[in-house]
Amino acid sequence: MKTSNLLTACIFFYSINLFAQPGTLDSNFGSNGKVINPQGNGKTVAIQADEKIVVGGSSAAGFTLVRYKSNGAIDKSFGISGVAIADFGNEGIVNSIVIKPSGKIIAAGGDGKNFAVAKFNSNGTLDSSFGINGKVTTNFFGKRDEAKFVTFEPDNKIIVIGTAFDQNGEQSRIALARYKPDGTLDS
């Protein structure tokens, strides 16, 4: 992830604080250096090349991304009024985001039972060329499998790492999956 040396983002209960100088809030960002969005929980953050801020987490609607302008205002041109959602039919949570040089956003987490990965276009719509309507799930054991980190390779294959619990739901295992650019598992 590329970040500006003047831009540091911290998330806590969906609160973003930016610092202009070490230890001081940037008063040009949000309200005196802070942005709080009462909808959903922030879990991860990525900075786009244009310094817009993409926050991933969950809300009542599920797998959720919110994009902010570099000044802390919600970017209403993203998704629907600044919010993009991937509904996996279950409780979804985004744990990791990576932004490709093309501007496409890959978000990974879990749907309550499986690894869940969604690919968004730069405008916040789901990328229909990926998986089924922009989404894929991967079942290892079907017991609380959850992706924790996502990245991509130079050939655009997507690597996801997380945890998978055994069939009894007791022992956690490290789980890795690699997807082709279209979202199919790379056998």
Please determine whether residues Val136 and Phe152 belong to a single hydrophobic cluster, defined as Ile, Leu, Val, Met, Phe, Trp and Tyr linked transitively by side-chain heavy-atom distances below 4.5 Å. yes

Exercise: identify the closest heavy-atom pair between Ala147 and Val160: CB-CG1, 3.2 Å

Report whether Ile106 and Leu126 are members of the same hydrophobic cluster (ILVMFWY, side-chain heavy atoms less than 4.5 Å apart, transitive linking). no

How long is the gap from OG1 on Thr125 to CG on Asn133, to the nearest 0.5 Å? 11.5 Å

I'd like to know whether NZ of Lys100 has more than 12 heavy-atom contacts from other residues, nucleotides or ligands below 6.0 angstrom. yes

What's the separation between atom CG in Asp111 and atom OG1 in Thr137, rounded to the nearest 0.5 Å? 6.0 Å

May I ask whether Val117 and Val98 are part of the same hydrophobic cluster, defined by side-chain heavy atoms of I, L, V, M, F, W, Y residues being less than 4.5 angstrom apart, directly or through others? yes

Over all atoms of both residues, closest heavy-atom pair of Phe63 and Gly109: CZ-N, 3.8 Å

Within-4.5 Å side-chain heavy-atom neighbours: Ile105 and Lys119: no

Approximate separation, where rounding is to 0.5 Å, of Ile80 CD1 and Ile85 CD1: 7.0 Å

Using a strict 4.0 Å threshold on nitrogen-to-oxygen distance, state whether Arg144 and Glu146 make a salt bridge. no

Rounded to the nearest 0.5 angstrom, the NZ-CD1 distance for Lys148 and Ile93 is 8.5 Å

salt_bridge(Lys157, Asp186) N-O dist < 4.0 Å: yes

Counting C-beta onward and ignoring hydrogens, is there a side-chain heavy-atom pair between Tyr179 and Phe115 closer than 4.5 Å? yes

Least distance between heavy atoms, Asp145 atom then Phe165 atom: OD1-N, 3.5 Å

Can a salt bridge be assigned to the pair Glu153 and Arg178 using a cut-off of 4.0 Å between side-chain N and carboxylate O? yes

So which atom in Val83 and which in Val66 form the shortest heavy-atom distance, rounded to 0.1 Å? CG2-CG2, 4.1 Å

Non-hydrogen side-chain atoms of Val150 and Ile159 separated by less than 4.5 Å: no

Short side-chain donor-acceptor distance under 3.5 Å, Asn121 and Lys104: yes

Any non-hydrogen side-chain atom of Leu65 less than 4.5 Å from a side-chain atom of Phe78? yes

Heavy-atom side-chain contact between Ile53 and Phe29 under 4.5 Å: yes

So does Ile174 have more than 12 non-hydrogen atoms from other groups sitting under 6.0 Å from CD1? no

Approximate separation, where rounding is to 0.5 Å, of Ser122 OG and Ile99 CD1: 10.0 Å

Taking the six-membered ring of Phe130 as reference, does the NZ or CZ atom of Lys135 fall below 6.0 Å from its centre and within a 45° cone about the axis? no

Tyr68 and side-chain contact (heavy atoms from CB on, under 4.5 Å): which single residue from Val45, Asp75, Ile74 fits? Ile74

Could you tell me if Lys180 and Asn156 have a donor-acceptor pair between their side chains, going purely by distance under 3.5 Å? no

Any idea which heavy atoms bring Ser77 and Arg67 closest together, and the distance? OG-NH2, 3.7 Å

Leu176 with Leu185, same ILVMFWY side-chain cluster at under 4.5 Å: no

Determine whether Asn32 and Leu25 make a side-chain contact, defined as any pair of heavy atoms from C-beta on separated by less than 4.5 Å. no

Tracing side-chain links under 4.5 Å among I, L, V, M, F, W and Y, which residues wind up in one group with Ile132? none

Should Arg173 and Thr163 count as side-chain neighbours, where that means a heavy-atom distance under 4.5 Å? no

Measure across Val55 and Ile97 and return the closest heavy-atom pair with its distance rounded to 0.1 Å. C-CD1, 4.0 Å

